[in-house]
Amino acid sequence: MRLKNQTAIITGGSGSIGRATAKRFLNEGAEGILLVDQDASALKNVVKSLESDRIKTFTADVSKARDTEKYIEKAIREFGRIDIFFLNAGIEGVVKPLSEYPEDIYDKVMAVNAKSVWLGMKYAFPHMKKHGGSIIINSSVAGLQGTPEVMAYVTSKHAVIGSMRVAALEGAPHNIRVNTIHPSPVDNRMMRSLEEGFSPGAGGDAKQNFEKMIPLGRYAENDEIAELVLFLASDESKFITGSTYVIDGGMTS
């Protein structure tokens, strides 16, 4: 019961990592969890699969200030406080050379992956300052190194490290801890999309190429990412802030 009496918000709540994390939080005794996502029907499916009255949902565009303010308000109404905030929402964009990358998609990726992190903290901080808490930002190994033809994704995942470091310093006097996690490819929908982008019609070949880059020889599982998030959410990491946590099977070694 590592999260007994704790409340949490998870953005990107209908995705594979969001769902796995919510399940792990429930198993560890979380008192209430607000799942936030733009896809209302997908959120309903997650709630149905988790079968818990401790799960609440909110449909929002996390890149919009008003939507962000509303989902933070929803969490406060439902739970009275925010102890854990997993900023997990993200999109991959397209696979294109930088000189051909569409401006509108670049802007969208930056808004969802980077701006939403700032907005989430902007509206959560005033509430979390009252009692402290843990903020975990989902970056990527792409936030630590370059990958050709995914300019927007790589840029956005680097950007959130800067956001984390500012927030960690501003949050420390209030016992708000802020850290980033950096997964290698994870076996989920986003990687299917990227595999197809890198090798149209032959996504399996792209998957094999990615796996060859990982010393442990495989993609991460969604549950494995959730375990790291749980550690950073719990009191087991109570003296950890401003850190980048790599979970990549040795990919960046």
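Bear in mind that the values here come from a model prediction, so they are computed numbers and not experimental data.
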Within the distance-only criterion (no hydrogens, no angle test), does the side chain of [X] pair as donor or acceptor with the backbone N or O of [Y] below 3.5 angstrom?
{"X": "Arg177", "Y": "Thr241", "value": "no"}
{"X": "Glu224", "Y": "Glu221", "value": "yes"}
{"X": "Ser156", "Y": "Val109", "value": "no"}
{"X": "Thr155", "Y": "Ala152", "value": "no"}
{"X": "Glu196", "Y": "Gly201", "value": "yes"}
{"X": "Asp67", "Y": "Val62", "value": "no"}

Hey, could you give me the [atom1]/[atom2] distance between [X] and [Y], rounded to the nearest 0.5 Å?
{"X": "Tyr219", "Y": "Met251", "atom1": "OH", "atom2": "CE", "value": "8.5 Å"}
{"X": "His182", "Y": "Gln145", "atom1": "NE2", "atom2": "CD", "value": "11.5 Å"}
{"X": "Leu43", "Y": "Asp37", "atom1": "CG", "atom2": "CG", "value": "5.0 Å"}
{"X": "Ser134", "Y": "Leu232", "atom1": "OG", "atom2": "CG", "value": "6.0 Å"}
{"X": "Ile176", "Y": "His131", "atom1": "CD1", "atom2": "NE2", "value": "8.5 Å"}
{"X": "Arg189", "Y": "Met191", "atom1": "CZ", "atom2": "CE", "value": "11.0 Å"}

Applying the 4.5 Å side-chain criterion to the ILVMFWY set and letting contacts propagate, would [X] and [Y] be lumped into a single cluster?
{"X": "Ile84", "Y": "Phe79", "value": "no"}
{"X": "Met128", "Y": "Trp118", "value": "yes"}
{"X": "Phe58", "Y": "Ile17", "value": "no"}
{"X": "Ile105", "Y": "Leu194", "value": "no"}
{"X": "Ile240", "Y": "Ile225", "value": "yes"}

Do [X] and [Y] come close enough that some side-chain heavy atom pair is under 4.5 Å?
{"X": "Val117", "Y": "Met121", "answer": "yes"}
{"X": "Glu227", "Y": "Leu230", "answer": "yes"}
{"X": "Val229", "Y": "Phe25", "answer": "yes"}
{"X": "Arg54", "Y": "Leu26", "answer": "yes"}
{"X": "Met164", "Y": "Ile161", "answer": "yes"}
{"X": "Phe85", "Y": "Thr11", "answer": "yes"}
{"X": "Arg24", "Y": "Leu3", "answer": "no"}
{"X": "Phe125", "Y": "Ile135", "answer": "yes"}

Nearest atoms (heavy-atom pairs only) where [X] meets [Y]:
{"X": "Ser49", "Y": "Arg19", "result": "OG-NH1, 3.1 Å"}
{"X": "Pro102", "Y": "Val94", "result": "CD-CG2, 4.0 Å"}
{"X": "Ile33", "Y": "Ala22", "result": "CD1-O, 3.6 Å"}
{"X": "Ser14", "Y": "Val46", "result": "CA-CG2, 3.7 Å"}
{"X": "Gly242", "Y": "Asn179", "result": "N-OD1, 3.3 Å"}
{"X": "Ser140", "Y": "Lys157", "result": "CB-CG, 3.9 Å"}

Test: Arg192 and Glu92 ion pair at under 4.0 Å: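 No, this pair does not count.
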Ionic contact status for Glu73 with Lys70, cut-off 4.0 Å: no
Positive for side-chain contact (heavy atoms from CB on, under 4.5 Å) with Val141, one of Asp248, Val154, Ile247: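 For Val141, the side-chain contact (heavy atoms from CB on, under 4.5 Å) test succeeds with only one of Asp248, Val154, Ile247, which is Asp248.
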Chi angles and distances behind the side chain to side chain contact (heavy atoms under 4.5 Å, CB included) call for Lys23, Asn27: CA-CA 6 Å; Lys23 182 177 180 179; Asn27 291 342; 4.1 Å; yes
Partner of Asn138 by side chain to side chain donor-acceptor pair (under 3.5 Å), out of Thr21, Asn113, Thr180, Asn88: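 With Asn138 as partner, Thr21, Asn113, Thr180, Asn88 yield a single side chain to side chain donor-acceptor pair (under 3.5 Å), made by Asn88.
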Centroid-centroid under 6.0 Å between Phe198 and Phe210 rings: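 Yes, the ring of Phe198 comes within the 6.0 Å limit of the ring of Phe210, centre to centre.
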Glu211 vs Lys207, salt bridge (charged side-chain N to carboxylate O under 4.0 Å, His left out): CA-CA, chis, key distance, verdict: CA-CA 6 Å; Glu211 288 172 336; Lys207 186 173 189 290; 2.6 Å; yes
Stepwise side chain to side chain contact (heavy atoms under 4.5 Å, CB included) check, Phe86 with Ile181: CA-CA 10 Å; Phe86 182 28; Ile181 63 169; 4.2 Å; yes
Side chain to side chain contact (heavy atoms under 4.5 Å, CB included) between Ile91 and Lys108, worked out: CA-CA 9 Å; Ile91 57 175; Lys108 179 67 173 177; 3.6 Å; yes
